[in-house]
Amino acid sequence: MATNLTRRNFLKAASIAAASVPLSQVTAKAQSGVVKAPLVSPGSFKNTQTAVGGVCEMCFWRCQLVGKVRDGRLIKLEGNPKSIDNGEAICARGNAGVAMLYDPDRLKYPLKNVGERGAPKWQRISWEEALDTCATKLKTIIDRDGAKGLCFFGHGSHAKYLMDFLERTVSTPNISEASFFQCRGVRDTAYLATLDIAPDENVDMANAKVIFFTGTHIGENIHLSHAKNYLRGLEQGAKLIVVDPRYSASAAKSHIWVQIRPGTDTAFVLAIMNYLIQNKKYNADFVEEHGEGFAEMAKGIREWTLEKAAEECDVPASQIKEVADLMAANMPHVAIHPGRHTTWYGNDFQRCRALACLTGLLGAIGCKGGLVLPKGPKGLTRINWPYVPHEEDSVLRDVADEHHFSPPGTPTELLRDAAISGKPYPIKGAVICGQNIMQCMPNQEKTIKMLKQMEFVLCVDIMPTDSTMYADILLPDCSYLEKSDFIKTGQQWDLGKDPQQYIAPRMPLVAPGFERKDSIWITNELAKRMGYGDKIPAQNQEELADKALAGVNLSLAKIKAEGGIHVQPGVSPYDDIDDLTVHFYNEDMEDEGYPPIPTYVPIEQPPQGFVRLVYGRTPLHTFNRTANNPWLVNEAKTNPLWVNDKLAARLGLKEGDTIKLTNQDGVTSPTTTTVKVTPGIREDVVYLYHGYGTKNPEMTQAVNRGIDDNSLITKIAVDPESGAHGMRNNFVKIVKVS
């Protein structure tokens with residue numbers, strides 16, 4: 001007879017069997033004197049405590065966290081249930097913060113390089129010796145050359161306190177923060193020149209009727225609350241338009257995918273605006289009330305017919321018209337995304353300005369579904385180093401009389417050229433904190449030349465990187481899970497809901513290991529030794545946070561008692577545009593010799609036999625920052641080269657082939673990767689994830705894994721208005737290895 005054994009029947013049978021064991025046998029075991037400890041697997045939450053106040057920095061969106069901690073060791077990270085931003089969710093990178101914290105390759109002690117820069121031999125030294133050496137070397141340069149003899153490269157909240165000390169109090173004008181300058185700075189200055197506001201990513205996609213992306217690929221660029229905002233918009237029926245030469249994660253969800261020729265996006269946007277104006281499909285009332293120079297812009301872009309743009313952009317004219325009509329039918333509820341990492345081709349300021357003008361033309365500002373002004377909490381006390389003016393004629397941008405719409409900081413190319421040439425003044429000391437300049441500044445040979453001419457290089461970081469190989473002294477910083485150096489503020493992610501605001505100061509979830517010190521302690525100790533002890537704004541990280549929170553009658557202790565986040569009633573971001581002006585024509589730009597209306601500047605196209613190299617993000621890494629994380633490496637081991645299927649066939653390539661790349665200047669990638677064959681990319685373009693190809697052997701998980709796209713960016717294109725590098729103007733040939 002067949003037996004129908006279900007899971008329920010099995011458990012029932014097992015219970016009966018257990019009940020049938022004679023009582024005498026049970027008693028005998030109890031009297032044996034042996035007590036077996038229950039198994040507690042390392043990944044369980046048994047005997048853990050929940051630590052609140054975490055603010056993630058595996059990327060720079062800074063989701064709010066709680067940690068499960070057992071015996072002082074972090075077991076797991078989760079989203080903070082009190083968060084009105086990311087909520088209880090965190091991404092793969094956020095989860096992998098545990099592996100970063102306990103990465104055996106992390107810096108543990110102060111180190112001195114007794115070898116060569118670029119081929120270091122590290123010797124462990126005491127904190128006293130390290131700090132005394134750094135202070136003496138930096139002070140010697142300042143005493144001889146002035147503060148302009150120093151430069152600083154920094155990234156993230158790790159770097160801010162040290163950057164402020166050097167820029168404000170020591171008064172060095174040579175500050176390069178690539179995280180802002182190369183990523184968002186150009187966008188923000190272009191929008192400031194057009195709308196008088198920096199947009200960040202404050203676009204209300206959740207309540208939009210149309211979402212418009214140029215080169216934005218949410219889904220690969222994972223910022224949780226932003227991704228929720230975007231997905232809610234799609235769930236509620238928003239139409240998605242994606243302009244991208246590649247079939248990205250966003251393009252895969254789009255209603256219209258415009259597979260544009262790279263570098264022609266501005267021409268595409270100008271044609272949309274010209275069509276809307278010529279056919280009177282723009283928001284005339286909004287333009288009448290808020291516009292300035294509209295007639296001049298309308299006249300200046302008249303040449304950009306649908307047909308002309310179609311030829312330049314290599315897309316159908318009917319598709320440009322379809323995009324324009326869809327926007328017009330749904331204005332003003334059109335979310336035109338300002339973008340992130342906006343430096344592409346060296347003509348990027350004009351592209352960003354065109355997007356801002358299109359936003360104004362549709363009246364898509366300060367309304368549901370449009371660009372909105374942030375309404376986060378106010379009143380935090382500003383605590384900072386006292387400001388001492390820079391030396392006269394020390395600001396490189398002013399000396400060069402270039403890049404008059406540059407973001408705050410020094411255009412990196414100006415800084416690097418000045419250091420190498422010694423003109424207009426020598427720069428002989430470099431401080432690098434949390435920024436891997438070897439992987440974020442194009443032309444690595446120039447960067448190496450700059451570092452090698454320095455008299456002294458100090459690096460402060462949590463990991464060895466390709467840049468720390470050029471340090472004289474290397475100091476181990478605490479990670480974001482071991483310190484409190486930042487206060488995140490904002491509003492609820494869905495702006496259509498009841499307005500709320502939050503204040504989330506970072507708090508350590510565990511104590512730092514080995515001899516790691518937080519960057520506030522490091523900066524203060526350097527300041528004392530350099531003669532600035534009386535200028536220190538806070539004696540430690542806790543005092544710094546409490547002083548800032550005192551402005552809103554809060555403290556770390558109070559917010560910790562609230563669960564790590566303070567939530568309060570907010571203010572609606574809608575309808576706050578009374579003072580808004582849209583500068584379709586900008587006279588200040590004209591005065592400085594730049595086009596006063598958005599203008600398309602053509603770029604060089606690939607020479608015969610080459611294809612354009614472009615790069616972007618993988619959702620499993622934050623550039624090179626997470627390249628050594630074993631959990632993330634396991635999920636995204638390398639960066640396969642996307643190659644169009646027709647191009648692959650012509651070159652005799654197939655999926656999985658191992659290749660190298662050689663660029664137009666004859667530079668060959670020192671490492672290899674594999675081929676990904678796809679119809680989802682244009683034939684004149686290949687694509688890599690950025691952040692691979694690490695050279696430092698101290699990063700045992702990342703070294704020589706994949707190709708470093710930055711090693712192939714030797715041809716430099718600099719945006720004239722901003723001074724930022726365009727980084728997608730290099731061309732490559734594919735060299736099959738096996």
Side-chain angles (χ1 to χ4, degrees), residues 57-58 93 96-127 129-130 133-134 152-156 158-159 162 178-179 430-441 444 447-448 450-452 454 456-483 512-519 522 621-633 670-671 690-706 708 710-711:
E57 197 147 331
M58 290 295 276
R93 294 167 300 174
V98 178
M100 176 281 300
L101 180 66
Y102 300 119
D103 190 330
D105 293 340
R106 269 191 69 184
L107 301 173
K108 302 173 181 65
Y109 310 101
L111 299 172
K112 177 181 179 181
N113 184 4
V114 295
E116 298 178 10
R117 289 192 190 137
K121 294 180 181 176
W122 297 111
Q123 180 184 85
R124 179 179 169 182
I125 58 176
S126 69
W127 271 106
E129 180 182 351
T133 302
C134 292
F152 178 79
F153 299 93
H155 195 183
H158 295 266
L162 178 54
S179 59
V431 179
I432 304 171
C433 183
Q435 183 172 133
N436 185 359
I437 60 176
M438 291 300 296
Q439 284 237 351
C440 66
M441 290 165 52
Q444 293 175 341
T447 303
I448 292 171
M450 173 190 72
L451 291 173
K452 286 197 170 181
M454 295 286 177
F456 180 67
V457 178
L458 162 63
C459 282
V460 182
D461 215 314
I462 65 170
M463 294 291 297
T465 68
D466 288 357
S467 297
T468 64
M469 296 170 71
Y470 295 86
D472 297 306
I473 298 288
L474 181 49
L475 302 181
D477 197 356
C478 295
S479 76
Y480 67 92
L481 296 168
E482 302 161 304
K483 62 181 177 180
F514 300 94
E515 293 187 10
R516 294 163 186 143
K517 299 288 187 181
D518 68 81
S519 52
I522 293 171
H621 282 291
T622 301
F623 303 139
N624 190 248
R625 189 179 184 85
T626 60
N628 205 62
N629 190 296
W631 294 4
L632 299 175
V633 168
T671 52
H690 178 65
Y692 286 80
T694 295
K695 299 177 181 66
N696 192 336
E698 301 290 339
M699 294 180 74
T700 57
Q701 295 290 323
V703 63
N704 294 331
R705 193 182 289 279
D708 172 13
N710 201 39
S711 69

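Numbers for residues simply follow the sequence, beginning at 1.
- When only modelled atom types and interatomic distance are considered, Gln444 and Thr447 share no side-chain donor-acceptor pair under 3.5 Å.
- The minimum heavy-atom distance between Thr626 and His621, with the atom names listed, is OG1-ND1, 2.7 Å.
- Here Asp461 pairs with nothing under the salt bridge (Lys or Arg N to Asp or Glu O under 4.0 Å) rule; sequence neighbours left out.
- Interatomic distance, CE of Met100 versus CG of Leu632, reported as 10.5 Å (0.5 Å rounding).
- Here Asn628 contributes atom CG and Met463 contributes atom CE; the two are 4.0 Å apart, rounded to the nearest 0.5 Å.
- In this structure, Tyr480 and His158 approach most closely via the heavy-atom pair N-CE1, 4.0 Å.
- Atom CG of Asp477 is separated from atom CG of Leu107 by 9.5 Å, given to the nearest 0.5 angstrom.
- Shown here are the side-chain contact (heavy atoms from CB on, under 4.5 Å) partners of Lys517, two or more places apart in sequence or in another chain: Trp127, Trp521, Ile522.
- When all heavy atoms are compared, the tightest approach of Ser467 to Met438 is OG-N, 3.0 Å.
- Distance OG1/Thr465 to CD/Glu698: 11.0 Å, rounded to 0.5 Å.
- Here the closest heavy-atom approach between residue Met454 and residue Arg117 is recorded as O-NH1, 2.7 Å.
- A distance of 4.5 Å separates CD in Glu515 from CZ in Arg124, rounded to the nearest 0.5 Å.
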